[in-house]
Amino acid sequence: MICPLISFSQEISGVVSGLDNGKILTLPGVNIYWENSEKGTVSDENGSFTIRQEKGRHVLVFSFVGYETQHLHITDQNPVKVVLKPNLEIGEVTVVEKDRGTYFSTIDPIQSERIGGAELHKAACCNLAESFETNPSIDVSYNDAVSGAKQIRLLGLDGIYSQLQTENISNFRGLATGFGLTFIPGPWMESIQVSKGAASVVNGYESVTGQINVSFKKPDSGERLHLNAFTSSEGKVEFNGNQNFRLYKDMVTTGIFVHAEDFSSRIDHNHDGFLDHPLTRQVHLFNSWKYNNHKGLMLHGSFRYLADHRAGGQTGIQRGTPSAEDGLYRIGIRNNLGEAVFKGGYVWPSNHTALAVLSSFVRHDLGSSYGLTRYDALENRAYVGLVLTQDLDPEAKHVINTGVSFFYDGFDEEFNRTGKNRHESVPGIFAEYTFKPFDKLTAMAGLRWDDHNLFGSFVTPRAHFRYQPDPRLTFRASAGKGYRTANVLAENSHLFSNSRNLVFDEAVWEEAWNYGISLIQQYKVAERNLSITAEFYRTDFEKQLVVDRETSNTSVFLKPLEGASFANSFQVDIRYPVIRNLDVTVAWRQNEVKQTIGGKLLEKPYTSRYKGLFTLNYTTNLKKWMFDYTLQFNGGGRLPTIENGGSSSVYAGLPDEFPSYTIMNAQITRYFRHWSVYAGGENLTNFKQDHPVLGADDPFGPGFDATHIWGPVMGIKLYAGIRYTLNFK
Amino acid sequence: MGLIAFLSMGFQGSAKKKSTQTVFFKSNMHCADCENKLFETLRFEKGVKDLTVDHVSNTVKVEFVTGKSSSGKLVQTIEKAGYEAVEITPEDYSKRVEAAKSKPKVKGTHSH
């Protein structure tokens, strides 16, 4: 891609780029126009532009969502070079990379961070769950000792309270809740944006603690072909491949993504007779389409098919043989998921109005058995949203986002042969006003109204504020309400691998407030950037589903909260390259998560009281070698106990606290022109929780519980992989 | 774990001390994309030990192992990638880099 720089006598040409985390990025799609006129142009894919000189006009305006608008005084016809500054300081840029259209982007005063390609390479492995290994904000843990399902925690609270999105549409929810993270292959991702605290009302009423958005690689990106193969010492093999096709110039493009994985080794390092990791097989296909006429219209469509089968339990189990036949405790889970997504966006030539349509349709078929317990379900889900963005004045000091949305979620569930149908349909309207009087200040207020067929109508207010008195100091505050339906069985299916009876309401309405403040301070120390972030978030639940394992020896209750429930989270991160090319991150987070369980306000069980993180990343001058080292300190916490349970309690004789523990990961990557190879190890200290399966010797007896999990179930894991990338010329 | 052994061998090999020389070029890059492309092209060239590509000052600085590459070879590589390469003196290079630092190319910026 050579940047054209043709300079006719009456034309001004040049190049516009943007600053992102200290790096210069090409900015296609920047609006360039003469001040106080309609005459303008848009930068091309290299950020280059040419604009005809207009009589009497001498101020050229450069504007792009997510960046500060720049005015340039033109005195001659020499080519110009403009670098736009992000209007959010380092680490919070939420502009979707390489997306020329502006309709998915938001100008966010919301505290967020972007995990880009380089960071994704640091944990080379497998899927979204592993991408957070080097991130201090997010914890990833197993729910149970047998299914291999992983869950995340943000601000100390379960992943269900943060909204997981793909391409800015809520995804991998409902039946996919427990597996969602392992359903997103790492090599498909372009970046992940994590935002904490109240989210924008444009994205719905659901998020409480924050949002995690995954951007997949775009079919019109420069990457033509990417192949990845991976294997681990435990016997996992994985293949990923994606190829982009330019069907008509770079206007009509399509990308085909393939993922396949297999884990067939039977591993039982702790000799409890149970597999440490289930036998898994997954095939995942994804096809993405994009049309961009480079004149403001962009259309995007994608199709997904995923089949995931897993079998866990006692080491002798056979895939497909139910427990009732061979008497072995077996967990079998079969997921089949199909998805179609359509999006469209149009930006009016005036560049002050944009319209976006977002829609997604999902069908998820789940069949599962946990010993003698059966759970089968079919979920059909649809979402349609329409968002209109309008600048109220030429300088976009006042911007309004309004729209409508419709959400449908139907469940056809069968638990131990008892069937239940349930459907939610929720129409809603919303408006969000952003006030940006000058670069230092942004204030945003949003309100939405939704009407839920089961839980009635409700109002969601949210507000954000950002103040940057100095380029090195950014202060943020946010407050907002969030709501969600707890799909009790689907989201707690891991509890099926437990001998106690489940007493539950099918669907429980949850409601919470979230408040947050954060501060980012940057210093120049020895010509290098030192950044310090401090933040505090509080979540207060008014309604919540509570899992009570502590009242009865024979039942686990999944019931609505009666009393208080809250979470406080305080985090400090320091990032600094101590010497050239050696980046160091030190982070510490303190959690206080309490819930009224069985009439008493208690610390939420299985939740670490603190987390520390230390990461080192060294890259050689020519970026041919990359070394990564991560150390995680996980604080201890409370374990459940049954007060009057006596000796027949499943927890009898077990400690009521779990200890703190340390996890160490390391990786080496070597880059070649088109190839890169990597090798590394996870959990190098080989720390494992003792006795992850309670009552393992009698899995159909009353003392069986595979959900008493607070630490790693798998020990040391070594892995190696290879990547091949070919770009368009 | 043969791969790790292979990786670390390669690393030790590349860490050996060899005599190097440095050459400077001026070029015609116009944007960050060109800078990136040139960096990607040159970093895997035979013998290249260190590299600075900068589109603001329009300069390229390459350090290479004596005998493994040459100024002429590098010019060819840069031209093949679609850019100009004219060798300049270290003094000229420093002057250009300094000029780019002190005088940003954004002229007469004013906010309203």
Side-chain angles (χ1 to χ4, degrees), chain A residues 1-5 13-18 23-28 35 43 45-48 58-59 61 68-76 78-83 222 233 395 438-439 620-625 627 668-674 677-681 718 720-722 727, chain B residues 1-15 20 27-58 61-64 77 79-84 100 103-112:
Chain A
M1 285 187 286
I2 302 163
C3 324
L5 202 97
S13 61
V15 177
V16 57
S17 49
K23 278 187 220 137
I24 304 276
L25 277 186
T26 306
L27 279 192
E35 196 179 41
S43 63
E45 63 178 28
N46 302 317
S48 306
H58 58 275
V59 176
V61 183
E68 290 178 6
T69 298
Q70 204 168 96
H71 298 255
L72 188 62
H73 198 228
I74 302 293
T75 50
D76 53 30
N78 288 337
V80 296
K81 204 166 283 184
V82 176
V83 180
S233 56
E395 288 172 24
F438 44 94
D439 294 343
T620 55
N621 279 350
L622 294 176
K623 298 183 191 164
K624 287 184 182 176
W625 291 90
F627 301 87
I668 306 172
T669 310
R670 171 72 164 100
Y671 292 92
F672 300 93
R673 199 182 284 273
H674 298 294
V677 285
Y678 56 91
L718 301 172
I722 186 160
N727 289 328
Chain B
M1 286 288 86
L3 188 63
I4 289 188
F6 160 72
L7 288 168
S8 47
M9 248 168 55
F11 184 65
Q12 281 161 8
S14 70
T20 63
S27 186
N28 62 337
M29 295 169 279
H30 302 300
C31 57
D33 229 19
C34 310
E35 176 182 306
N36 206 25
K37 188 181 171 190
L38 216 44
F39 184 85
E40 288 299 316
T41 309
L42 289 171
R43 73 173 168 135
F44 292 112
E45 275 306 297
K46 202 177 166 193
V48 170
K49 297 291 286 177
D50 200 359
L51 182 62
T52 312
V53 184
D54 177 36
H55 80 278
V56 181
S57 60
N58 239 325
K61 174 183 161 185
V62 190
E63 183 187 348
F64 60 89
T77 307
E79 284 177 350
K80 211 176 147 195
Y83 302 96
E84 279 175 14
K103 198 185 77 188
K105 296 267 169 123
V106 179
K107 302 161 287 180
T109 303
H110 59 99
S111 302
H112 291 258

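In what follows, every chain begins at residue 1, and chains take the letters A, B, ... in the order their sequences are listed.
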Original post:
Got a sec, which residues hit salt bridge (Lys or Arg N to Asp or Glu O under 4.0 Å) with B/Glu79, two or more places apart in sequence or on another chain?
Top reply: none

**OP:** Sort B/Glu35 into side chain, backbone, both or neither according to what part of it lies under 4.5 angstrom from a heavy atom of chain A.
**Re:** neither

Original post:
How far does NZ of B/Lys49 sit from CG of A/Asn621, to the nearest 0.5 angstrom?
Top reply: 9.5 Å

Subject >> Minimum heavy-atom distance B/Phe44-A/Tyr671, with the two atoms named >> reply: CE2-O, 3.1 Å

Subject >> Side chain / backbone / both / neither for B/Thr41 at chain A, heavy atoms under 4.5 Å >> reply: both

Subject >> Residue pair B/Val48 / A/Leu622: nearest heavy atoms and the distance that separates them >> reply: O-CD1, 3.3 Å

Original post:
Among all residues two or more places apart in sequence or in another chain, which pass the salt bridge (Lys or Arg N to Asp or Glu O under 4.0 Å) test with B/Glu45?
Top reply: A/Arg673

